[in-house]
Amino acid sequence: MTTRTSPNSIATEQTYWDDVRVGDLIEGYDLTLDWTKMVEQVSGSQDFYPVHHDPEFAAEAGHPAIFYNTGWTQAALCRVVTDWAGPAGWMSRFRFEMRRMNIPDDEVHARGKVTGKSDLDDAHGLVELEVWLENDRLGVTTPGWATVRLPRRK
Amino acid sequence: MVRVTGPYDLDAVRSEWIGRKTDVVPGRYPVEYDSIRRHCHMVEDTNPLFLDPEYGRQSEHGAVIAPPVMTRYFAGAGVWPPSSDNQVSLLLSVPTRGERNINLNTEWEYLQPARVGDHLASQTEVTDIYEKSIKLDPRSVWVVTETRITNQDGELVAVGTNTLCTHRTPEQVEAEEGERPL
């Protein structure tokens with residue numbers, strides 16, 4: 001039985017620089033890494049390296065299981081940012097570190113936090129975010145950092 | 001990766017490979033709807049900026065845009081049909097101790113959006129190669145690359161840095177180091 005979280009994107013709601021406070025938490029969303037999600041990972045990323053879909057290949061390389069690939073990981077983190085930033089927001093910088101693995105049957109939670117804000121120009125400001133993926137086995141697996149350009153309220 | 005089974009001369013590999021770059025290689029296809037849809041499907045993203053042509057037309061971008069992290073995808077050739085002239089072939093040519101790899105750190109600066117219909121191109125350069133001990137391999141080889149992505153007007157769209165860890169299997173480490181890892 002496939003379990004899905006509700007794909008309720010909030011991406012059409014605009015976030016304004018003026019309203020953001022350092023320390024604000026970004027609620028994010030959850031994903032269940034069942035085998036259908038594994039197939040979607042390969043389809044969406046077009047990453048066919050077997051360590052991401054072939055358990056025997058992964059075991060031979062010394063890994064405990066297949067693990068979700070870079071394309072999926074960055075997509076999951078990017079969604080936290082773009083959902084939050086809204087249609088006039090722009091993610092100008094993004095980095096992440098794949099420190100621990102997300103594997104089949106994990107419940108993954110994608111979250112974020114505002115860590116800083118600064119002026120840019122009369123119409124925009126910049127916001128610094130920490131975003132991360134965590135699962136119920138290991139806690140935070142994939143920390144990320146983003147800079148987002150947001151509109152100011154007129 | 002090109003696995004070196006005999007003595008591995010890191011200094012020689014660094015000297016020969018750091019600074020090597022690909023040509024400016026055009027992406028095989030323009031930025032297109034269906035690839036974006038499959039990308040969004042992976043993480044249940046319903047953002048209309050990425051999925052709804054009418055919403056995109058009315059947005060400040062004037063068209064559907066790709067999620068920023070897809071920029072690299074559209075600047076590449078994709079995995080099929082096979083292509084030998086891209087970032088992957090450059091990375092696959094770097095001599096390393098092991099042929100297994102794990103992508104570890106990725107950092108991007110996104111200067112402007114990629115719209116559906118844009119034609120992107122990329123150029124990748126090897127910028128660093130070094131050794132580091134990890135649990136799987138006491139002498140894994142790490143390869144750092146920088147990729148610059150431009151659009152059909154020659155404008156810089158994104159610049160990315162990627163760090164790839166290459167390693168041997170436990171059996172290979174045991175055979176070459178005399179001790180099994182982990």
Side-chain angles (χ1 to χ4, degrees), chain A residues 4-12 29-31 37 39-49 51 57-58 60-63 67-83 86-99 101 108 110 144-147 151, chain B residues 35-52 55-56 58-61 65 67-70 72-73 76 78-80 98-113 135-137 158 160-165 167-171 173 180-182:
Chain A
R4 286 281 185 272
T5 55
S6 174
N8 291 328
S9 174
I10 59 169
T12 54
Y29 62 96
D30 302 322
L31 294 172
K37 186 59 67 189
V39 175
E40 291 168 3
Q41 164 217 211
V42 175
S43 167
S45 66
Q46 292 286 286
D47 179 351
F48 293 90
Y49 187 45
V51 79
F57 183 92
E60 186 194 356
H63 302 298
F67 55 96
Y68 275 56
N69 64 32
T70 304
W72 178 87
T73 301
Q74 66 183 4
L77 290 171
C78 180
R79 184 188 153 189
V80 176
V81 178
T82 52
D83 272 2
W90 177 250
M91 185 173 77
S92 57
R93 285 185 177 273
F94 176 57
R95 71 182 174 93
F96 63 97
E97 297 178 0
M98 297 180 67
R99 293 182 183 170
M101 295 173 178
V108 171
W145 298 266
T147 302
Chain B
S35 302
I36 297 173
R37 186 169 63 86
R38 283 189 284 104
H39 171 99
C40 290
H41 191 183
M42 284 194 295
V43 292
E44 301 173 16
D45 189 342
T46 60
N47 193 328
L49 271 183
F50 309 141
L51 296 165
D52 184 337
Y55 188 91
Q58 294 182 18
S59 75
E60 66 178 273
H61 308 297
I65 62 171
V69 294
M70 285 197 82
R72 176 69 191 87
Y73 177 87
V79 295
W80 195 261
E99 56 205 346
R100 300 303 177 92
N101 60 74
I102 309 171
N103 212 25
L104 288 174
N105 301 335
T106 303
E107 180 169 2
W108 283 96
E109 180 178 8
Y110 299 108
L111 292 102
Q112 58 177 301
K135 279 195 297 186
L136 283 170
D137 187 339
T161 303
N162 193 73
T163 304
L164 185 77
C165 166
H167 66 91
R168 295 168 288 186
T169 66
E171 289 72 22
V173 172
R180 193 175 177 82
L182 305 175

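Numbered from 1 within each chain, the chains take letters A, B, ... in sequence-line order. The shown structure was predicted, so the numbers you read here are calculated from the model rather than taken from an experiment.
- Top candidate by heavy-atom pairs under 4.5 Å with chain A, chosen from B:Ile102, B:Thr169, B:Asn101, B:Ile36, is B:Asn101.
- Both the backbone and the side chain of A:Phe94 come within contact range of chain B, each with at least one heavy atom under 4.5 Å from a heavy atom of that chain.
- Using a 4.5 Å cut-off on side-chain heavy atoms (C-beta onward), A:His63 and B:Leu136 make contact.
- From B:Trp80, atom CH2 reaches atom CD of A:Gln46 across 12.0 Å, with rounding to the nearest 0.5 Å.
- With rounding to the nearest 0.5 Å, the separation of SG in A:Cys78 from CZ in B:Phe50 is 5.5 Å.
- Shortest non-hydrogen contact noted between A:Thr12 and B:Pro48 is CG2-CG, 3.3 Å.
- Note that CZ of A:Arg99 is 8.5 Å distant from CG of B:Asn105, once rounded to the nearest 0.5 Å.
- Most heavy-atom pairs under 4.5 Å with chain A, from the set B:Thr161, B:Leu111, B:Leu104: that is B:Leu104.
- Remark: A:Gln41 CD to B:Met42 CE distance equals 8.0 Å, nearest 0.5 Å.
- Within the 3.5 Å criterion, the main-chain N or O of B:Pro113 finds no donor-acceptor partner in the side chain of A:Trp90.
- In this structure, the portions of B:Glu109 lying under 4.5 Å from any heavy atom of chain A include both its backbone and its side chain.
- Using a 4.5 Å cut-off on side-chain heavy atoms (C-beta onward), A:Thr70 and B:Thr106 make contact.
- Going from atom OG1 of B:Thr163 over to atom CZ of A:Arg95 covers 11.0 Å, rounded to the nearest 0.5 Å.
- A:Ala146 does not touch chain B: none of its heavy atoms, backbone or side chain, sits under 4.5 Å away.
- A:Thr82 approaches B:Pro68 most closely through the heavy-atom pair CG2-CD, 4.3 Å.
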- Query: Given A:Leu31 and B:Glu44, is the side chain to side chain contact (heavy atoms under 4.5 Å, CB included) satisfied, shown in steps?
  - Reply: CA-CA 8 Å; A:Leu31 294 172; B:Glu44 301 173 16; 3.6 Å; yes
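- Contacts of A:Tyr68 with chain B are absent, with no heavy-atom separation under 4.5 Å from either backbone or side chain.
- With a 4.5 Å cut-off on side-chain heavy atoms, B:Asp45 and A:Asp83 count as touching.
- Only the backbone of B:Glu99 comes within contact range of chain A, with at least one heavy atom under 4.5 Å from a heavy atom of that chain.
- Expressed to the nearest 0.5 Å, how far NE2 of B:His39 lies from OG of A:Ser43 amounts to 12.0 Å.
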- Tell me, with the steps shown, if A:Glu60 and B:Arg100 meet salt bridge (Lys or Arg N to Asp or Glu O under 4.0 Å). CA-CA 10 Å; A:Glu60 186 194 356; B:Arg100 300 303 177 92; 3.4 Å; yes
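- Looking at B:Val69, the atoms closer than 4.5 Å to chain A (heavy atoms on both sides) sit in the backbone and in the side chain alike.
- Only the side chain of B:Glu171 comes within contact range of chain A, with at least one heavy atom under 4.5 Å from a heavy atom of that chain.
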